[in-house]
Amino acid sequence: MKDQVEKLILEVEDFKTTDTNELESFRIRFMGKKGVMNDLFKSFKDVPNDQKKEFGQLLNTLKVKAQEKHTKLKSELSANTNQNTNKPDDLTLPVLNDQLGARHPISLIRNQIIDIFSRIGYTVSEGPEIEDDWHNFTALNFPEEHPARDMQDTFFIDEKHALRTHTSSVQVRVMENNKPPIRTISPGRVFRNEAISARAHCIFHQVEGLYIDKDVSFADLKQTLLYFAREMFGEKTEIRLRPSYFPFTEPSAEVDVSCNICSGKGCNVCKHTGFLEILGCGMVDPNVLENCGIDSSVYSGFAFGMGIERITMLKYQINDLRLFFENDVRFLKQFQSA
Ligand code: PHE
């Protein structure tokens, strides 16, 4: 019995390998549940009592040596495999095709709009997305009972605060803090409690514009919008104004541009009308000027507001608004060269 253990100890000491399979067989033989150790421990009871101590110590030596050998060989083997994968780079391999990023189409169009208006002297103003009732509604002449304040359109945060439903709120802040002449646009995210579909989303982007000075007229508004439409959709573009209503402007209008796909002849996109609606506008209501501390007997002004998604959809012929929010790279990649 003793000889047998001593032989095994020698075997362990002499064991060498560079092969993982052989090392695994070694582990199973010396350390596995059904290995030699198990048999030896079982036969322990047959060892005469006076030899038990010595036999036990031998068994322990065998166990420790087997473990040590296994750990040593294992770490040698894994160091070797690492070395193998650390071969010098193969310089003949083709280079990895790096993905080139693209600007989001909403950013592209927002930047274009900012660029078009900055060329005629408009500054850019920004404001908070969480607004109080005053800046989003009251200062803008929304009557107390106006349906746009209703829970259905507005995400309220508490009784006095909501997510802004338009960036006209920024213009109130600009009027409160600056003296005319004021010429500014406010791009930003807005929020409305709408069911998400191909044509509507609860988050979208707007650019609203404001011009306040002495003797600003509706003709100035019309010409500014014609300039914008031609810069954005091409120099042959025509605009059409239809009377409309907004609490903060009087008179108010909705503006259509001639369809950039059929040049006004009539097609599916413009529903055979030859025109596409792009924005709302009007002369700032004197009540709004007074609410913001501007003397309406001296100053007048106009305002307009458009959805960036809408302009982007028309410009790139995108028919589903949800594409802007899904961030699918197959969609976004198409704007790499834009
Ligand atoms: N604030 C309006 C909207 O959110 C747009 C608008 C702005 C209309 C300025 C007229 C004047 O739809």
Side-chain angles (χ1 to χ4, degrees), residues 106 110 113-114 117 122 124-129 131 133-143 146-150 152-155 162-175 182-194 199-212 216-226 228-229 239-257 276-289 291-292 294 296 299-313 321:
I106 295 294
R110 185 202 50 209
I113 298 174
I114 292 176
F117 281 105
Y122 282 72
V124 173
S125 356
E126 289 185 340
E129 291 182 348
E131 260 303 359
D133 179 87
W134 170 256
H135 291 97
N136 198 76
F137 295 125
T138 308
L140 288 162
N141 209 27
F142 277 81
H146 196 282
R149 291 178 183 226
D150 202 294
Q152 264 149 42
D153 295 317
T154 309
F155 289 114
L163 295 179
R164 67 181 178 196
T165 57
H166 49 189
T167 57
S168 306
S169 55
V170 181
Q171 310 194 326
V172 174
R173 289 176 182 275
V174 173
M175 286 190 276
I182 293 171
R183 214 183 283 165
T184 191
I185 51 171
S186 36
R189 262 199 305 194
V190 299
F191 309 84
R192 289 185 199 174
N193 194 358
E194 307 238 15
R199 319 194 86 230
H201 206 287
C202 55
I203 303 176
F204 59 99
H205 300 78
Q206 276 191 328
V207 175
E208 298 219 351
L210 177 73
Y211 177 31
I212 313 252
V216 176
S217 73
F218 203 92
D220 297 322
L221 169 61
K222 235 174 106 179
Q223 206 56 32
T224 304
L225 296 178
L226 182 63
F228 166 72
I239 61 169
R240 179 172 86 172
L241 278 74
R242 285 176 288 108
S244 185
Y245 170 78
F246 298 103
F248 33 89
T249 46
E250 183 58 36
S252 305
E254 262 162 319
V255 178
D256 303 336
V257 289
L276 299 157
E277 186 193 322
I278 59 158
L279 56 81
C281 66
M283 301 306 291
V284 181
D285 193 301
N287 285 344
V288 176
L289 294 177
N291 285 342
C292 302
I294 292 174
S296 63
Y299 293 104
S300 58
F302 63 71
F304 56 86
M306 65 189 101
I308 305 182
E309 278 79 358
R310 171 105 185 122
I311 309 273
T312 312
M313 287 169 91
L321 192 72

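Sequential numbering from 1 along the given sequence is applied to the chain's residues. We count ligands from 1, going down the list as the structure has it; atoms in each ligand are counted the same way. As a basis for the values below, the full set of heavy atoms in this structure was taken, side chains included, without hydrogen atoms, waters or symmetry mates. Just so we're clear, the structure is a prediction, and the values are computed from it rather than from any experiment.
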- Query: What protein heavy atom sits nearest atom 12 (O) of ligand 1, and how far off is it?
  - Reply: R192 NH2, 3.7 Å
- Got the closest protein heavy atom to atom 5 (C) of ligand 1, with its distance? E208 OE2, 3.5 Å
List every atom of ligand 1 that sits less than 4.0 Å from any heavy atom of [X], numbering the atoms from 1 in the order shown and giving each element.
| X | result |
| --- | --- |
| F248 | 1 (N), 2 (C), 6 (C), 7 (C), 8 (C), 9 (C), 10 (C), 11 (C) |
| F246 | 8 (C), 10 (C) |
| H166 | 1 (N), 4 (O) |
| F304 | 7 (C), 9 (C), 11 (C) |

- Message: I need the contact type for S168 against ligand 1. Using non-hydrogen atoms and a strict under-4.0 Å cut-off, is it side chain, backbone, both or neither?
- Response: side chain
- Note on the structure: Given the options F246, Y211, F248, F218, F302 meets ring pair (Phe, Tyr, Trp, His ring centres under 6.0 Å) only with Y211
- Item | Note: E277-R240 ion pair, threshold 4.0 Å (strictly below) | no
- Message: Under 3.5 Å between any N/O of Q206 and any N/O of ligand 1: does that happen in this structure?
- Response: yes
- Between atom CG of D133 and atom OG of S169, what is the distance when rounded to the nearest 0.5 Å? 11.5 Å
- Give, for atom CG of L210 and atom CD of Q171, the distance between the pair rounded to the nearest 0.5 Å. 4.5 Å
- What class does the angle between the rings of F142 and H166 fall in, given that below 30° is parallel, 30 to 60° is tilted and above 60° is perpendicular? perpendicular
- Indicate whether any N or O donor in one side chain lies under 3.5 Å from an N or O acceptor in the other, for T184 and S125. yes
- For residues N136 and T165, is any side-chain donor paired with an opposing acceptor at under 3.5 Å? yes
- Item | Option with minimal heavy-atom separation from atom 10 (C) of ligand 1, where the choices are C281, P247, G209, S244 | C281
- Does F302 have a non-hydrogen atom less than 4.0 Å from ligand 1? no
